[in-house]
There are 2 protein chains.
Amino acid sequence: MDQVDHILAQWRRERPDLDVGPMGTFGRLKRLGDHLAQALAEVYKAHGLTAASFNVLATLRRAGPPHALSPSALIAWTMVTSGTMTNRLDRLEAAGLIERRVNPEDGRGSLVALTAEGFALIERVVTEHVANQHRLVEGLPPEQRERIDEGLRAWLALYESAP
Amino acid sequence: MDQVDHILAQWRRERPDLDVGPMGTFGRLKRLGDHLAQALAEVYKAHGLTAASFNVLATLRRAGPPHALSPSALIAWTMVTSGTMTNRLDRLEAAGLIERRVNPEDGRGSLVALTAEGFALIERVVTEHVANQHRLVEGLPPEQRERIDEGLRAWLALYESAP
DNA sequence: TCCATTTATCTCGACATCAAGATAAATGGG
DNA sequence: CCCATTTATCTTGATGTCGAGATAAATGGA
């Protein structure tokens, strides 16, 4: 009996005409996501980052040398709008963690690259981040996590096709 | 092979020292949550609402008559800060969907109640919202959704205890 | 080659959110 | 009954996000 069960019970009492089974799944996904995001943010914050800035730096880092991507590529990986990405890049640039270079292959765009400082920072933070994630699934039996992962993969496949 | 698999493959190439298994689960949860939130927002928007305003109205509706709760109770249900709730209530009040009454039992606080207009609106929107949720799990075998739900319940239980 | 169209990025204005602090009322131990 | 403490809500300032539109460069068919 978690919070979501309480919510569903309320709906069943007030609106017995509605089949709220799926709503329970949506609610658990949302609430769990919120709790986990808060927990992950603690590590980011300890290094002066937010989820937004962490994700940009991490995307550049895992792309491999030379750790440079176009804003378009960053937008595709992170699922945000172009205006949002411009704002993120402005702040990261002001903080000296990335730099914008001209894109030799496309004069319309730029290339966003990790600075040495940005690289060193994300290198440290991602290590802690992964440890934090391990800690957050500690209470969950590994086989249980596997089943959740498989289920989410199937559901996510409805929205992200796979070549 | 979804987007998350690509991300994990990049990390394994760049940082083979990290065990990124759990990261995959976090990534799928986050990305799926983002996709679903976008899809749910379409119904809200069609009625001039956002996820934020919908959730406040829905919380008041499902509480049952007289459809009035304190801001504190709304904060507890919706997992936002007091400043955020004040802002949401200001807008909903300006839109005529809720009203703030004095709380006869506590002079510090108020009671937030659905107006007739707010009640009529949420009554319509929640019906469409539930139908939308059914549509969004259509492609998922019901027993698969059940398993996801059970897994999420177990994980969520680590963060929301149950008396 | 030219130009209409497409694409990449940035700008701007409106909200949403949080964290920290302010304000006012309730509470309870002495 | 008093006052220090706690609690409920609001205020303020900084940031993050989106959506629509602006700008500039690349593209491709005539």
Side-chain angles (χ1 to χ4, degrees), chain A residues 30-31 33-35 37-42 44-57 59 68-95 97-113, chain B residues 30-31 33-35 37-42 44-46 48-57 68-95 97-113:
Chain A
K30 167 89 168 77
R31 293 182 77 93
D34 286 353
H35 287 297
Q38 277 186 16
L40 296 181
E42 285 172 24
Y44 308 146
K45 192 182 300 184
H47 296 274
L49 294 176
T50 62
S53 49
F54 171 85
N55 281 318
V56 172
L57 297 181
T59 303
L69 294 171
S70 66
S72 300
L74 289 169
I75 287 168
W77 282 110
T78 55
M79 297 176 65
V80 298
T81 64
S82 62
T84 297
M85 186 53 68
T86 297
N87 185 35
R88 289 185 180 186
L89 297 178
D90 286 349
R91 288 178 187 285
L92 285 168
E93 192 171 35
L97 300 173
I98 62 151
E99 59 184 16
R100 284 176 166 106
R101 303 175 182 160
V102 290
N103 188 334
E105 293 174 353
D106 191 333
R108 291 167 299 182
S110 55
L111 273 182
V112 177
Chain B
K30 168 88 169 78
R31 292 182 77 93
D34 286 353
H35 287 297
Q38 277 186 17
L40 296 181
E42 286 173 23
Y44 307 147
K45 193 182 298 183
L49 294 176
T50 63
S53 50
F54 171 85
N55 281 318
V56 172
L57 297 181
L69 294 171
S70 67
S72 300
L74 288 169
I75 287 168
W77 282 110
T78 56
M79 299 175 63
V80 297
T81 63
S82 63
T84 296
M85 186 53 67
T86 297
N87 186 36
R88 289 185 180 187
L89 297 178
D90 286 348
R91 289 179 187 285
L92 285 168
E93 191 171 34
L97 299 173
I98 62 150
E99 59 183 18
R100 283 176 166 105
R101 303 173 181 161
V102 291
N103 187 334
E105 292 174 353
D106 190 333
R108 291 167 299 181
S110 55
L111 273 182
V112 176

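Everything quoted here is computed from the prediction, not taken from an experiment. The sequence lines fix the lettering, A, B, ..., with proteins before strands; numbering per chain opens at 1. Below, each value reflects all heavy atoms present in this structure, side chains not excepted, and no hydrogens, waters or symmetry copies.
Atoms CD1 and CG, on B:Ile98 and B:Leu69 in that order, are 11.0 Å from each other to the nearest 0.5 Å. The line from NE2 of A:His35 to NZ of A:Lys30 is 10.0 Å long, rounded to the nearest 0.5 Å. Note: B:Thr50 OG1 to B:Arg91 CZ = 9.5 Å, rounded to the nearest 0.5 Å. With rounding to the nearest 0.5 Å, the separation of CG in B:Leu97 from CG in B:Leu89 is 11.5 Å.
Atom-to-atom, CD1 of B:Ile75 to P of C:dA19 comes out at 13 Å; the value is rounded to the nearest Å. Rounding to whole angstrom units, CG of residue B:Leu89 and P of D:dT11 are separated by 12 Å. The distance from atom OH of A:Tyr44 to atom P of C:dC18 is 16 Å, rounded to the nearest whole Å. A:Leu74 has its CG atom 13 Å from the P atom of C:dA8, to the nearest Å. The interatomic distance linking A:Asn55 (CG) with D:dG16 (C1') rounds to 13 Å, in whole Å. If you measure from atom CE of A:Met85 to atom C1' of D:dT17, you get 12 Å, rounded to the nearest angstrom.
Of the candidate nucleotides C:dC10, D:dA25, D:dC10, D:dA25 has the atom nearest to the side chain of A:Arg108.
The side-chain heavy atoms of B:Met85 and B:Val56, taken from C-beta on, include a pair separated by under 4.5 Å. Side-chain atoms of B:Thr84 and B:Met79, non-hydrogen and from C-beta on, never get closer than 4.5 Å to each other.
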Summary of protein contacts for nucleotides 12-17 of chain C, nucleotide by nucleotide, where a base hit scores B, a sugar-phosphate-only hit scores S (4.0 Å, heavy atoms): ---SSB

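Side-chain atoms of A:Thr78 come within 3.5 Å of backbone atoms of A:Leu74 as a donor-acceptor pair (strictly under, hydrogens ignored).
If you check every strand for non-hydrogen atoms under 4.0 Å, A:Asn103 touches nothing.
Comparing A:Lys45 and A:Asp106 by the nucleotide of DNA chain C that holds the closest heavy atom to each, the one mapping nearer the 5' end is A:Asp106. With the nearest nucleotide of DNA chain C identified for both A:Asp90 and B:Gly107, A:Asp90 has the one nearer the 5' end. Nearer to the 5' terminus of DNA chain D, by closest-nucleotide assignment, is the contact made by A:Met79 (compared with the other of A:Met79 and A:Gly109).
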